[in-house]
Visitor: 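Below you will find the structure I want to go over with you.
Computed from heavy atoms alone, side chains included, the values below leave out hydrogens, waters and symmetry copies. The sequence lines fix the lettering, A, B, ..., with proteins before strands; numbering per chain opens at 1.
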Amino acid sequence: MPEYPLKGNIVKLIIAAIKPFKLEEVREALTSIGVRGMMVTEVKGFGSQSGHTEIYRGAEYAVNFVPKVKLEIVVSAAMADQVVETIQTTAKTDKIGDGKIFVLDVNQAVRVRTGELNDDAL
Amino acid sequence: MPEYPLKGNIVKLIIAAIKPFKLEEVREALTSIGVRGMMVTEVKGFGSQSGHTEIYRGAEYAVNFVPKVKLEIVVSAAMADQVVETIQTTAKTDKIGDGKIFVLDVNQAVRVRTGELNDDAL
Amino acid sequence: MPEYPLKGNIVKLIIAAIKPFKLEEVREALTSIGVRGMMVTEVKGFGSQSGHTEIYRGAEYAVNFVPKVKLEIVVSAAMADQVVETIQTTAKTDKIGDGKIFVLDVNQAVRVRTGELNDDAL
Amino acid sequence: MKLTKTLPLATLVAIAPSLVVAQEAAVATDVTPYILTTLLFLIGGFLVFWMAAGFAMLEAGLVRSKNVTMQLTKNVALFSIAAIMYWLVGFNLMYPGDGWIIPGIVGTLFAPTSLEAVGLSASDAALDYASVGSDFFFQLMFCATTASIVSGTLAERIKLWPFLIFVAILTGIIYPIEASWQWGGGFLSEMGFSDFAGSTLVHAAGGFAALAGAFILGPRIGKYKDGRTIPMPGSNLALATLGTFILWLGWFGFNGGSQLAMGTVGDVTDVSRIFANTNMAAAAGALVALIATQVLYKKPDLTMVLNGALAGLVSITAGPLDPSLFGALWIGAVGGLIVVFTVPMLDRMKIDDVVGAIPVHLIAGFWGTLAVPFYTEDTSFLTQIIGFAAIGAFVFVVSTVIWVILKVTMGIRVSEEDEINGLDMAELGMEAYPEFHKG
Amino acid sequence: MKLTKTLPLATLVAIAPSLVVAQEAAVATDVTPYILTTLLFLIGGFLVFWMAAGFAMLEAGLVRSKNVTMQLTKNVALFSIAAIMYWLVGFNLMYPGDGWIIPGIVGTLFAPTSLEAVGLSASDAALDYASVGSDFFFQLMFCATTASIVSGTLAERIKLWPFLIFVAILTGIIYPIEASWQWGGGFLSEMGFSDFAGSTLVHAAGGFAALAGAFILGPRIGKYKDGRTIPMPGSNLALATLGTFILWLGWFGFNGGSQLAMGTVGDVTDVSRIFANTNMAAAAGALVALIATQVLYKKPDLTMVLNGALAGLVSITAGPLDPSLFGALWIGAVGGLIVVFTVPMLDRMKIDDVVGAIPVHLIAGFWGTLAVPFYTEDTSFLTQIIGFAAIGAFVFVVSTVIWVILKVTMGIRVSEEDEINGLDMAELGMEAYPEFHKG
Amino acid sequence: MKLTKTLPLATLVAIAPSLVVAQEAAVATDVTPYILTTLLFLIGGFLVFWMAAGFAMLEAGLVRSKNVTMQLTKNVALFSIAAIMYWLVGFNLMYPGDGWIIPGIVGTLFAPTSLEAVGLSASDAALDYASVGSDFFFQLMFCATTASIVSGTLAERIKLWPFLIFVAILTGIIYPIEASWQWGGGFLSEMGFSDFAGSTLVHAAGGFAALAGAFILGPRIGKYKDGRTIPMPGSNLALATLGTFILWLGWFGFNGGSQLAMGTVGDVTDVSRIFANTNMAAAAGALVALIATQVLYKKPDLTMVLNGALAGLVSITAGPLDPSLFGALWIGAVGGLIVVFTVPMLDRMKIDDVVGAIPVHLIAGFWGTLAVPFYTEDTSFLTQIIGFAAIGAFVFVVSTVIWVILKVTMGIRVSEEDEINGLDMAELGMEAYPEFHKG
Ligand SMILES: Nc1ncnc2c1ncn2[C@@H]1O[C@H](COP(=O)(O)OP(=O)(O)O)[C@@H](O)[C@H]1O
Ligand SMILES: Nc1ncnc2c1ncn2[C@@H]1O[C@H](COP(=O)(O)OP(=O)(O)O)[C@@H](O)[C@H]1O
Ligand SMILES: Nc1ncnc2c1ncn2[C@@H]1O[C@H](COP(=O)(O)OP(=O)(O)O)[C@@H](O)[C@H]1O
């Protein structure tokens, strides 16, 4: 990616979908390994776990979406693997629906307050 | 991206913003072509559709944001085009505000429960 | 990225986390420089700003998450820097918690309504 | 009982039961019974008024959030229309005294209600009954209740204005006419039909008007898909529960006030019986619905429990005085069972009743009417069925005609897109919960 | 009527209208009228108490979710303060009997209320009126209502404590003084001013206190931008509708109880008239607002419909007894129109009234006061205007002074950042809906 | 006072205070006092019924959204069970007249309540008291209140059915027995214990049953972590505030109706005193909690203010008649202080009381009981403490036994995963707010 001056090291975006009740635990685990920030969003998750049925006023229906929490974390490329591993081990319950982790490249990260770039921005 | 051992094939992240009432239809269409999971988020959409006005207690105001649903779907690169096409054809109403689809590269995908990688993780 | 026919120019995805009360201002600033669309999501933000304490029924507790607004904006690569800068200058309050901006590559953008590609899709 | 309702308009005073009892007890002053019965109507009246809020909350809680503002708007508007139409036409059409146009069938048309003069002197008062003002106030609330029932069934798809036009006709003409047959001293009361507080006259009547509408209007988009019923869960069960508690409270006025007298030991003691029985029937209906859903579905269904309490109340409404507490219990319990079984039944028939008003008001109303002879002397199952059928047929047919006319003239249903996006944004441009993310 | 309010404190018993009527009817036992009037105050009182909940829900529903906890806190606190201040100062300041400090203008200062002894014997009771306890209980609720009106207008930007200090002065001093001019037998009642249940004394007075506050406090940040009004939609219209129904219900006690007597045929029949008229005016106000917003804006506005019902109620409050039902209808209807037109008018004047309390209580209150002579003998438009002006001027001036003092001493407005982030987190550290995502 | 509660079942008529007073005043007709007292029970009864809705809303507002449907279900179900159990067993167990099994301690077992015949003649009525129907209706509501208190404390973790089984035993047996000791004319009333409307008999009793449950059940997962208390904020403070206003309103019936007579000047004037005092105590409790939280935590805590109002009400309930308005103020104020200090105290003791029911009902109930001798003659602090201890010990021990039995037999607590995911989806498969995103 020539078009960006690489002040600071390359950073990665880690997107993870986990079970809501694991959020606090995962956040603590990540803080303890030095992650300093993230964005958390409630999402409706669809996956193999989905599809159990409920009854409402006598009518059966399939619950296609299960509540999940999505984490978006940008970290220096160097930390990425450790972060993925930490999330995986912490969020794991060995039950279906534990979630997924995805890693993406980031061209550039900026801290709004200071204009710092890339991993200085985190 | 040398830094990741490529167990399993490359995967792509597909982000789509669609009209909320199309969600169920799109989900079914995607399931039928073999998509096994996704994350769904309500978003406030801003675009050409935006800007109609409403009146509240006698005061006119422009509605800048319209409710949309955002889909995030990770699929094997091989399937990406088909997924994009399926979303496009299903979500289409030919009315302004139908939405957008974006395709991004993913370095790595992990299944929390098993640690499986990339398209094995999906 | 050979696998995509590059109709239209390359586009980028810009993800920004800002303070909720800045949303309207930022949206206006972006419109004025020609951004025609975006997706907005409320997120719970974790970062250096987090951690002040509140009292509920006599018990102190730390507030780990602060409400933030996440913007997802796809623009032509050419505009990316300007968009980043506009967000940064507009969202800035010089107080901690102003937020972050991240820039990612996009392989492909599609307009659901027309099937137009890349920056024609925006 | 009901007959005495015509007295304030008729002139006869002599044979009024309440007064008689009073004199037996050789105690009542001339005016105290009048004051106390008037007070009963005022208290009963404001309690039944409160039911309008109950319906509004129940329905707002059971529709999806995209239709809440509309449901609230309909409920405020329908009550307001009922208040005006009942004054303009309804009251004297329902209580014509001797002013029947067609004896026993159609009362006085277009005689707006007027009340007694200010500072009425005792000599000019219907001392054996109560003030016209209090009677009008109390009766008006029953009329509005009938309309509230309709709005729940037709929620989430009917247009505002056609609905309100129907409400005007229902509250101004349909309800007053059918109610006059019994409470106005019309042919049903002659026949010996018995409906103390209106299981048939108010609740089933509202249910029939709703049923006719549901047929003409059709189900919500996506409600029935390849033979299956797709639930559309209510957006706010706290509101729905609040609404049910409000209705339960208002029902004490609904049934208790229908004693129409409080000036004697016998009357006030009867009102007490009615309060106790009404409460028992509601409790039994709720509890049975709780147990039945646990047994049938393995999980209790709160919305059914709420419907069950209301069905218990509707069931006891036709005869809240005569049954023992145990009688009230089993009559209410059957009402609770009825909703649990008839709610899915209606769905199988593809009749889309958003809040379950038809099982609660029409079907449990039939049950309550039918059950009267178990405890009330000089009543017969046959007469009860005939009375229910007469009123049901009349309300259903007339309502159907009006719904059809509205449909062909102005249309009664919103566009598909409007229905999907919700009536709030489409018809009102205003969300009930604009800040809460919808799922 | 109002004059009799002073009787329990004065000693005279002779010329009490109610008793006279009673004796004409040659019936009333000595004590029954006393018991019944006391009961009227107790029932009326708890109904008006309920209005405090109505204001709380209405306001909580019309503010944005980030200010809901604060609005609820203010409503609970203001009622509590009113209850204490009215006992400590207000009641005897408002009903001085013969204890005027400045005759007809300022009553007895700092005489906390004390009630009759336990187990009062009939010989010691004001048999022509009611118990002091019930009268105090009933009057107190009116005082609290005045304060509730203020909290709505000033929502979303005023600091908690300065607001509560103002409430203490309003309920302890301002309201009791102006109300004493009429209901305490002061100079306005001498003048022949007529305000049966308080369109001016309670509602307009509250409105003027709110208006003064709105001027000093200024509009919410971002409310008026380059000449345009930016709507800030209420966060929960179901709550706002519930609040309106609660107020509607409470109003039967508000107006009906103001008959101040229920011991005779004439009085109880009058109370019935009042109930019926009050309901009619509310219905007309709501319906007219529905139609007007449909016509003007092409889409009905529920918040205007709710305001319309309340404006109808305020309009009839000055004279709920004398008008015919038709009179109540058109008086209420005009009230409904008033809000539809004055809500945007205030916005054009950059007066930021969050819940529309000024159009509903002040402007419709003026209309209701002005309309009295249409139906009530021995009243004149001029006197009505003078009375309204006198009370308006007094309340507005005194309130302005207090608001200014509060502003310069402790400041009345939260910081810009606090206002943007919402008073709930900033001043209370507690959200009303912590789990629901805000937009 | 309480003793007269046994009269309708006993036969004696002679020395009934109310009648005596009446005759002194040489006025009351024979039946009017009976009618008026019956009316007091009916009005009081529906007001206390309304409290069931108040508890439901308060608790639904103070639990997290994932448990709201369950909390609503429990509240509707517990009231229904109470209504049936109190009829089946409770009422005659509580008011045995002369039918004690163990004199003064255990009344008549398994004698379902039956009411008077329809159209009772004056000669057959307990003219010195009121109708059995109205008395049963009124008393039933007190019984249900006791159960409502328990559901709040144990929210968010207890299984539905074991809870409902406990409620059946509490309302059918535990409450009626302990209440009979005082109101049924049992040994505590002999002893001179005084608890006018039930600070101990109703509120503390409910609190002790809740406390026993809290011990056996344990705190919610994550509530206490390494010595710290983790707040779990309520999901809807508007609902919690509505619930508090409802309870406040209902309390006028709760305390006022407990005068048990309205047929004389003395009685109705006493009822007025009670209304005024009850309101004052609530206001003082709320205001003191507001100030205390401001001082202690720098930010007022609405949930504490709501608890404070309720604690004020509970505090005055043992003696709402005798104190002056100032007495009601300071007694209620102390109640408000109590919650502010005991809520965190319970947390330090790791007793997880979700809605603060133990501080409000048990601790403030103790205070209210203790405070009676300050204003009521012929009462002693010692007797008050003994009475409180007797009832507390009985309810606590029996409840503990039952909770333990339920725990070992069927289990009372949901699984950890169910608790974390919320009882609504786990036990009911139904969310209260399915469309609102949870945080
Ligand atoms: N292909 C996918 N793309 C994006 N998110 C996914 C995908 N598959 C699953 N998810 C997310 O992960 C969650 C768990 O996935 P699921 O298949 O149910 O269980 P598991 O991860 O244990 O196989 C889903 O609820 C969804 O939020
Ligand atoms: N540049 C963009 N970046 C991200 N999302 C966009 C962008 N433009 C539009 N969107 C999303 O797509 C939705 C539809 O776009 P819009 O321009 O309104 O209609 P159309 O896609 O038919 O041109 C918007 O509401 C928004 O959610
Ligand atoms: N590493 C990160 N990845 C993703 N989002 C982040 C990250 N760090 C911070 N954020 C987002 O930016 C917001 C502001 O960050 P914070 O560290 O609190 O203040 P500042 O940006 O001024 O340093 C956070 O609330 C969070 O939403």
Visitor: Phe46(C) and Val35(A): which non-hydrogen atoms are nearest, and at how many Å?
Guide: CE2-O, 4.4 Å
Visitor: Can you find a heavy atom in the side chain of Met39(A) that is under 4.5 Å from one in the side chain of Phe65(C)?
Guide: no
Visitor: Given the options Gly99(C), Gly47(C), Ala17(C), which has more heavy-atom pairs under 4.5 Å with chain A than any of the others?
Guide: Gly99(C)
Visitor: Suppose the criterion is salt bridge (Lys or Arg N to Asp or Glu O under 4.0 Å): which pairs have a residue in residues 67-79 of chain C, not counting sequence neighbours?
Guide: Glu72(A)-Lys70(C), Lys70(B)-Glu72(C), Lys70(C)-Glu72(C)
Visitor: In Å and rounded to the nearest 0.5 Å, what is the CG to NZ distance from Leu122(A) to Lys100(C)?
Guide: 6.0 Å
Visitor: Would you say Asp105(A) and Asp105(C) make side-chain contact, with heavy atoms under 4.5 Å?
Guide: no
Visitor: Counting a contact as any heavy-atom pair under 4.5 Å apart, which residues of residues 84-98 of chain A contact chain C?
Guide: none
Visitor: Leu71(A) versus chain C, heavy atoms under 4.5 Å apart: side chain, backbone, both or neither?
Guide: neither
Visitor: According to salt bridge (charged side-chain N to carboxylate O under 4.0 Å, His left out), who are the partners of Glu60(C), at least two apart in sequence or on a separate chain?
Guide: none
Visitor: Do the non-hydrogen side-chain atoms of Val43(C) and Val40(A) ever get within less than 4.5 Å of each other?
Guide: no
Visitor: Please find the pair of heavy atoms, one from Leu104(C) and one from Leu13(A), that lie closest to each other, and give the distance.
Guide: CD2-CD2, 3.8 Å
Visitor: Test: side-chain hydrogen bond (donor to acceptor under 3.5 Å, both in side chains). Region: residues 26-38 of chain A. Which pairs qualify, not counting sequence neighbours?
Guide: Glu24(A)-Arg27(A)
